Q: 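Structure below; questions to follow.
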Amino acid sequence: MRLSHFFFTTLRDDPADAEMPSHRLLVRAGYVRQLGSGIYSLLPLGYRVSRRVEQVIREEMDAIGCQEMEMPVVHPADLWKETGRWYSVGAEMARFKDRGGRDMVLAMTHEEVVASLLRDVVKSYRQLPMMIYHFQTKFRDEPRSRGGLIRVREFVMKDSYTCDADEAGLDASYDLHYAAYTRIFDRLGVPTIPVASDVGMMGGSQAHEFMFLNPAGEDVLVLCERCGFSANRQVARTRVSEPPAEEPLPLEEVETPGTATIADLAAFLGVGAERTAKALFVVTDDGRLVTAIVRGDMDVNETKLVNALRTTGLRPAHPDEIKAAGMVPGYASPVGASGAFVVVDELIARSANLVAGANREGYHLRNTNVGRDYTPDLVADLTSAREGDGCPECGAPVVLRNGIEVGNIFKLGTRYTQALGATYLGEDGLEHPIVMGSYGIGVGRAVACIVEAHHDEKGIVWPAEVAPYPAHIVSIGATKDPRVAEVADALHELAFSAGREVLYDDRDESPGVKLTDAELLGMPLIVTVSPRSLAAGGAEVTVRETGERSVRPLAEVEALLRG
RNA sequence: CGGGGCGUGGCGCAACGGUGGCGCACGUGCUUUGGGAGCACGAGGAUGUGGGUUCGAAUCCCACCGCCCCGACCA
């Protein structure tokens with residue numbers, strides 16, 4: 001491909017709105033262009049990388065017997081109404097009406113379509129297991145896109161779905177995907193850590209996310225460097241030292257003026273924050289006012305709270321709502337909290353003599369004890385893991401790191417197949433719902449992660465497996481010495497006829513521009529043809545990754561380009 | 001949705017109440033050709049949109065739209 005007519009342009013300056021290296025470099029080097037917030041065009045270079053990433057994924061999916069197909073982007077809303085997600089999913093699902101006034105949606109995922117297909121396709125246990133996948137555009141109207149390709153609204157995802165007769169079958173399909181994903185990210189050059197994760201809105205029994213460690217990551221991971229334990233903070237349960245065993249002391253109200261925060265309160269009373277209990281008020285999606293009680297030195301984990309309450313989501317309660325329930329914000333107490341559903345963290349339930357609000361402006365209670373002073377409606381693990389907490393496996397202090405989720409695998413179970421009546425006839429002659437799993441990899445996000453992991457101050461450094469072209473030929477001094485163009489043209493042709501298209505910078509630009517661009521674009525090999533190289537007996541080959549360069553005889557360069 | 005920031009040639013920026021400029025990129029010519037070349041000439045703008053204030057608005061005020069960052073949110 002000759003750069004003189006290639007659909008791209010490089011930028012000398014960093015785009016002002018790009019902060020992450022991957023965003024900056026992909027825009028500067030002419031791989032992608034932004035159309036709107038979270039909406040990007042892939043220019044030929046970007047599209048080519050994307051296809052190479054897809055090919056790696058395709059090969060590994062095919063290798064485990066997953067069958068490629070394609071499902072639509074536009075769905076009739078009826079399917080989504082049948083599974084209930086038309087109602088449960090919020091504004092992130094784009095909805096519209098067709099000309100006949102029928103509700104339609106833009107696909108944000110494809111469980112519904114798969115389940116409806118299974119209804120038609122699968123009749124007998126003899127057909128199971130089956131696995132399918134496709135690469136398809138998803139649209140999710142995220143409240144906030146960010147980081148270039150890291151979080152976008154429209155993107156291509158490889159999503160696969162496994163269909164099994166029972167849980168044991170699902171376990172096997174899940175394991176196949178786990179192994180395939182490990183190979184995929186290894187081949188793509190994206191180091192990932194599989195972490196146990198929340199099943200979220202997808203429902204289901206088990207899930208892992210494949211995380212790429214990056215400071216810009218939106219997830220917090222809890223990692224143990226000693227034993228390798230890893231989990232998303234949303235679900236991680238770490239060990240915290242047991243509260244001291246004490247005899248319950250008499251409840252005592254104390255005046256604590258101006259201590260609406262835990263830090264103020266602990267300082268005022270001269271006790272550690274871990275001897276206090278704090279109350280957080282939330283309202284669930286189904287309208288319940290809930291107060292969650294955790295220790296003063298810990299934070300409520302929203303995911304855990306949602307799961308404990310068996311709801312779909314929650315929001316902070318307004319002070320008015322708290323007052324309406326008869327409580328005093330800042331001094332609220334689980335003692336006598338009649339107007340709210342009281343959820344207490346397990347650690348609170350095991351602790352004696354904690355300081356808590358007195359439900360009276362400017363007052364707190366000393367020596368509150370669960371069971372004696374109040375009876376919670378629910379006791380559950382509610383807190384977020386903290387750096388230095390004990391690893392749940394080995395007890396060593398855990399560390400917290402940010403990560404970008406590039407892939408996820410879910411054991412869905414029968415939620416969708418039951419809702420849509422996708423059943424098979426078992427060996428026992430009875431109908432059973434098909435057991436599903438679903439598995440996703442964001443292609444564009446994977447591309448961005450590859451760049452995050454493979455770049456230097458000069459530009460992108462593509463791993464050979466995903467590079468848009470294996471090599472980048474640069475001609476220098478072609479107008480001075482006709483042999484330069486002859487040799488460079490011949491190398492370009494030769495690679496092409498060997499089935500390996502390479503980039504060929506035949507532009508009439510200065511050497512500096514061409515070499516700088518070559519490094520910015522990031523092909524694994526840069527082949528420089530110039531009067532100087534010809535005089536030295538061939539062409540200069542630069543390995544982009546190491547910067548190592550050497551003049552090689554043309555025959556050797558030809559062999560390199562042929563592959 | 002809350003907080004903050006920014007919208008001026010393709011890109012990066014200046015001008016902050018008085019006729020819109022600079023660098024890079026772009027076109028033409030000459031020179032140059034191994035690390036973002038030089039000289040000369042040139043083209044390219046309803047200053048995001050709509051109101052308002054003013055003799056006069058890119059500049060001040062209001063509203064809206066768009067984009068970025070932090071948070072909320074998020075398979």
Side-chain angles (χ1 to χ4, degrees), chain A residues 9-20 23-24 27-28 30 33-39 85 88-93 107-111 138 140-148 150-153 155 157 159 197-204 207-210 216-219 232 234 282 285 302-303 306 312-316 404-412 415 437-442 445 458-459 474-481 484-485 507-520 526 528-536 539-540 542 547 549 551:
Chain A
T9 183
T10 57
L11 304 176
R12 290 206 177 189
D13 297 309
D14 284 334
D17 56 2
E19 300 202 342
M20 288 186 71
H23 187 198
R24 210 177 67 229
V27 172
R28 258 193 74 199
R33 253 328 97 102
Q34 183 173 19
L35 183 62
S37 181
I39 306 178
R85 285 160 117 189
S88 64
V89 176
E92 64 265 33
M93 182 156 71
M108 52 188 299
T109 176
H110 281 80
E111 282 79 15
K138 308 282 187 272
R140 297 179 186 180
D141 197 358
E142 302 284 355
R144 185 181 159 213
S145 45
R146 73 184 91 190
I150 292 297
R151 185 170 196 74
V152 293
R153 296 193 293 169
F155 59 99
M157 174 182 262
D159 40 326
S197 66
D198 182 51
V199 293
M201 72 177 250
M202 303 295 299
H208 284 85
E209 293 162 338
F210 287 77
E218 301 176 271
D219 288 275
N232 195 307
Q234 292 176 330
V282 297
D285 282 353
E302 193 170 318
T303 303
V306 164
T312 52
L314 41 81
R315 60 171 174 82
I404 298 170
E405 179 188 347
V406 282
N408 56 48
I409 56 180
F410 279 92
K411 290 184 182 177
L412 284 181
R415 171 175 166 189
S438 96
Y439 316 83
I441 295 176
R445 186 179 282 187
K458 293 174 175 173
V474 176
S475 66
I476 290 175
T479 52
K480 197 191 230 177
D481 183 348
V484 167
R507 295 175 301 173
D508 183 21
E509 289 285 354
S510 71
V513 169
K514 296 173 81 161
L515 293 170
T516 307
D517 273 352
E519 283 156 346
L520 177 61
I526 299 170
T528 310
V529 181
S530 68
R532 189 203 286 183
S533 80
L534 292 175
E540 185 183 77
T542 305
R549 59 173 76 177
V551 176

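Just so we're on the same page: letters track the sequence lines, and every chain starts at 1. On a predicted model such as this, the values are computed, not experimentally measured, just so you know.
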Q: Rounding to the closest angstrom, what is the interatomic distance between B/U19 and B/G10 at atom P?
A: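 Approximately 24 Å lies between the P atom of B/U19 and that of B/G10.
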
Q: Using a 4.0 Å heavy-atom cut-off across all strands, classify A/Ser145 as base, sugar-phosphate, or nothing.
A: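 Here A/Ser145 touches the backbone only, sparing every base.
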
Q: With a 4.5 Å limit on heavy-atom distance, are the side chains of A/Val306 and A/Leu314 in contact?
A: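 They are in contact (side-chain heavy atoms under 4.5 Å apart), so the answer is yes.
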
Q: In whole angstrom, give the distance that lies between atom CD of A/Glu92 and atom P of B/A72.
A: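 Atom-to-atom, A/Glu92 to B/A72, this comes out as 16 Å.
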
Q: What residues, two or more places apart in sequence or in another chain, satisfy side-chain hydrogen bond (donor to acceptor under 3.5 Å, both in side chains) together with A/Asp219?
A: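 With neighbours one apart ignored, the set is A/Asn232.
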
Q: I'd like the P distance from B/U53 over to B/C61, given in whole Å.
A: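 15 Å, rounded to whole Å.
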
Q: Rounding to the closest angstrom, what is the interatomic distance between B/G27 and B/C65 at atom P?
A: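 Taking atom P in both B/G27 and B/C65, they lie 39 Å apart.
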
Q: All N/O contacts under 3.5 Å from nucleotides 27-35 of chain B to the protein, with atom names and distances to one decimal?
A:
from: B/U33; atom 1: O4; to: A/Thr479; atom 2: OG1; distance (Å): 3.1
from: B/G34; atom 1: O2'; to: A/Arg532; atom 2: NH2; distance (Å): 2.3
from: B/G34; atom 1: N7; to: A/Ser530; atom 2: OG; distance (Å): 2.9
from: B/G34; atom 1: O6; to: A/Ser530; atom 2: OG; distance (Å): 2.3
from: B/G34; atom 1: N1; to: A/Glu540; atom 2: OE1; distance (Å): 3.2
from: B/G34; atom 1: N2; to: A/Glu540; atom 2: OE1; distance (Å): 2.6
from: B/G34; atom 1: N2; to: A/Glu540; atom 2: OE2; distance (Å): 3.4
from: B/G34; atom 1: N2; to: A/Arg549; atom 2: NH1; distance (Å): 3.2
from: B/G35; atom 1: O6; to: A/Arg549; atom 2: NH2; distance (Å): 2.5
from: B/G35; atom 1: N1; to: A/Glu519; atom 2: OE1; distance (Å): 3.3
from: B/G35; atom 1: N1; to: A/Glu519; atom 2: OE2; distance (Å): 3.1
from: B/G35; atom 1: N2; to: A/Glu519; atom 2: OE1; distance (Å): 2.3

Q: Go through the structure and list residues passing side-chain hydrogen bond (donor to acceptor under 3.5 Å, both in side chains) with A/Glu142, not counting sequence neighbours.
A: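 A/Arg151.
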
Q: For B/A72, decide between syn and anti, treating a glycosidic angle within 90° of 0 as syn.
A: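 Judged by the O4'-C1' to base torsion, B/A72 sits in anti, the angle falling more than 90° away from 0.
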
Q: What is the distance, rounded to the nearest whole Å, between atom CG of A/Asp517 and atom P of B/C24?
A: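 Rounded to the whole Å, the gap is 17 Å.
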
Q: In whole angstroms, how far is the P atom of B/C74 from the CG atom of A/Asp285?
A: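 So the CG-P distance, A/Asp285 to B/C74, works out to 9 Å.
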
Q: Give one of base, sugar-phosphate or nothing for A/Gly30, where a contact means two heavy atoms less than 4.0 Å apart.
A: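 Nothing: the residue A/Gly30, judged by heavy atoms under 4.0 Å, touches no strand.
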
Q: When the P atoms of B/G17 and B/U31 are compared, how many Å lie between them, rounded to an integer?
A: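 Their P atoms lie roughly 49 Å apart.
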
Q: Return the set of residues passing side-chain contact (heavy atoms from CB on, under 4.5 Å) with A/Ala539 (not counting sequence neighbours), or none when no residue passes.
A: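 By the side-chain contact (heavy atoms from CB on, under 4.5 Å) rule, A/Ala539 matches A/Val527, A/Val529, A/Leu554, A/Val557.
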
Q: Write down the atom of A/Val152, the atom of A/Ser145, and the distance for their closest heavy-atom approach.
A: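 Nearest pair, atom of A/Val152 first, then A/Ser145: CA-CB, 4.2 Å.
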
Q: Within the 4.0 Å heavy-atom criterion, would you say A/Met157 contacts the bases, only the backbone, or no part of the nucleic acid?
A: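 Base: the residue A/Met157, judged by heavy atoms under 4.0 Å, touches a nucleobase.
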
Q: Using a 4.0 Å heavy-atom cut-off across all strands, classify A/Gly36 as base, sugar-phosphate, or nothing.
A: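 Since only primed, P, OP1 and OP2 atoms lie under 4.0 Å of A/Gly36, the category is sugar-phosphate.
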
Q: Rounding to an integer number of angstrom, what distance separates B/C11 and B/C26 when you compare their P atoms?
A: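 Their P atoms lie roughly 15 Å apart.
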
Q: Could you tell me the separation between the CD atom of A/Glu142 and the C1' atom of B/C68, rounded to a whole number of Å?
A: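 Atom CD in A/Glu142 sits about 17 Å away from atom C1' in B/C68.
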
Q: Figure out the CE/P separation between A/Met20 and B/C70, and round it to whole Å.
A: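 Spelled out: CE on A/Met20 to P on B/C70 is 10 Å.
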
Q: Return the set of residues passing salt bridge (charged side-chain N to carboxylate O under 4.0 Å, His left out) with A/Asp14 (not counting sequence neighbours), or none when no residue passes.
A: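 A/Asp14 satisfies salt bridge (charged side-chain N to carboxylate O under 4.0 Å, His left out) with A/Arg24, A/Arg28 once adjacent residues are dropped.
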
Q: Grab the N/O contacts between the protein and nucleotides 4-15 of chain B below 3.5 Å, and write none if there aren't any.
A:
from: B/G12; atom 1: OP1; to: A/Ala16; atom 2: N; distance (Å): 3.1

Q: Side-chain donor-acceptor pairs under 3.5 Å in residues 508-519 of chain A, sequence neighbours left out?
A:
from: A/Ser510; atom 1: OG; to: A/Val513; atom 2: N; distance (Å): 3.4
from: A/Lys514; atom 1: NZ; to: A/Ser475; atom 2: O; distance (Å): 2.7
from: A/Lys514; atom 1: NZ; to: A/Ser475; atom 2: OG; distance (Å): 3.2
from: A/Lys514; atom 1: NZ; to: A/Asp505; atom 2: O; distance (Å): 3.1
from: A/Lys514; atom 1: NZ; to: A/Arg507; atom 2: O; distance (Å): 2.7
from: A/Thr516; atom 1: OG1; to: A/Gly512; atom 2: O; distance (Å): 2.5
from: A/Asp517; atom 1: OD1; to: A/Thr10; atom 2: OG1; distance (Å): 3.1
from: A/Asp517; atom 1: OD2; to: A/Thr10; atom 2: OG1; distance (Å): 3.4
from: A/Asp517; atom 1: OD2; to: A/Arg507; atom 2: NH2; distance (Å): 2.9

Q: Starting at the 5' end of RNA chain B, write a dot or bracket for each base, bracketing those in Watson-Crick or G-U wobble pairs whose two distances are under 3.5 Å and using | for partners on another strand.
A: (((((((..((((....[..)))).((((((.....)))))).....(((((..]....))))))))))))....

Q: Suppose we screen for side-chain hydrogen bond (donor to acceptor under 3.5 Å, both in side chains). Which residues come up paired with A/Asp141, at least two apart in sequence or across chains?
A: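 side-chain hydrogen bond (donor to acceptor under 3.5 Å, both in side chains) check on A/Asp141 returns A/Arg153.
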
Q: Identify, with sequence neighbours excluded, every residue that meets ring pair (Phe, Tyr, Trp, His ring centres under 6.0 Å) alongside A/Tyr439.
A: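 Partners of A/Tyr439 under the ring pair (Phe, Tyr, Trp, His ring centres under 6.0 Å) test: A/His177.
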
Q: Decide yes or no for A/Arg85 and A/Glu111: does some side-chain heavy atom of the first lie under 4.5 Å from some side-chain heavy atom of the second?
A: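 A side-chain contact under 4.5 Å exists here.
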
Q: Report the distance from atom CZ of A/Arg146 to atom P of B/G3, rounded to the nearest whole Å.
A: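 Checked: the CZ to P distance equals 18 Å.
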
Q: Which whole number of Å gives the distance between the C1' atom of B/G4 and that of B/A72?
A: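 Each nucleotide's C1' atom is 15 Å from the other's.
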
Q: CD1 of A/Ile39 versus P of B/G66: gap in Å, rounded?
A: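 That distance rounds to 11 Å.
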
Q: Using a 4.0 Å heavy-atom cut-off, does A/Arg144 contact any base of the nucleic acid, only the sugar-phosphate backbone, or nothing at all?
A: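 Here A/Arg144 touches the bases of the nucleic acid.
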
Q: Tell me what A/Arg153 touches on the nucleic acid: a base, only sugar-phosphate, or nothing, going by heavy atoms under 4.0 Å.
A: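 No contact.
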
Q: Checking A/Pro143 now: which residues fulfil side-chain contact (heavy atoms from CB on, under 4.5 Å) with it, not counting sequence neighbours?
A: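 Here no residue qualifies.
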
Q: With sequence neighbours excluded, what pairs up with A/Arg33 under the side-chain contact (heavy atoms from CB on, under 4.5 Å) test?
A: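 For A/Arg33 the side-chain contact (heavy atoms from CB on, under 4.5 Å) partners, ignoring immediate neighbours, are A/Thr9, A/Leu11, A/Val27, A/Leu43.
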
Q: From CD of A/Glu302 over to P of B/C74, roughly how many Å is that when rounded to an integer?
A: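 Those two atoms, CD and P, are 7 Å apart.
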
Q: I want to check one thing: is the phosphate of B/C68, taken as OP1 and OP2, less than 4.0 Å away from some side-chain N or O of A/Gln34?
A: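 True: A/Gln34 side-chain N/O within range (under 4.0 Å) of B/C68 OP1/OP2.
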
Q: When you match A/Pro316 and A/Leu35 each to their closest nucleotide on RNA chain B, which lands nearer the 5' end?
A: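 Nearest-nucleotide comparison on RNA chain B picks A/Leu35.
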
Q: Rounded to whole angstrom, note down the P distance from B/G18 over to B/C60.
A: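 11 Å, rounded to whole Å.
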
Q: Find out whether A/Glu218 and A/Glu405 are in side-chain contact, i.e. whether some heavy atom of one side chain is under 4.5 Å from a heavy atom of the other.
A: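 No; the side chains remain at least 4.5 Å from each other.
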
Q: Looking only at heavy atoms, what is the nearest atom pair of A/Asp198 and A/Ala207, with distance?
A: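 Shortest heavy-atom contact: O-CB, 4.1 Å.
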
Q: How far does the C1' atom of B/G44 sit from the matching atom of B/A37, given to the nearest Å?
A: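 Each nucleotide's C1' atom is 24 Å from the other's.
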
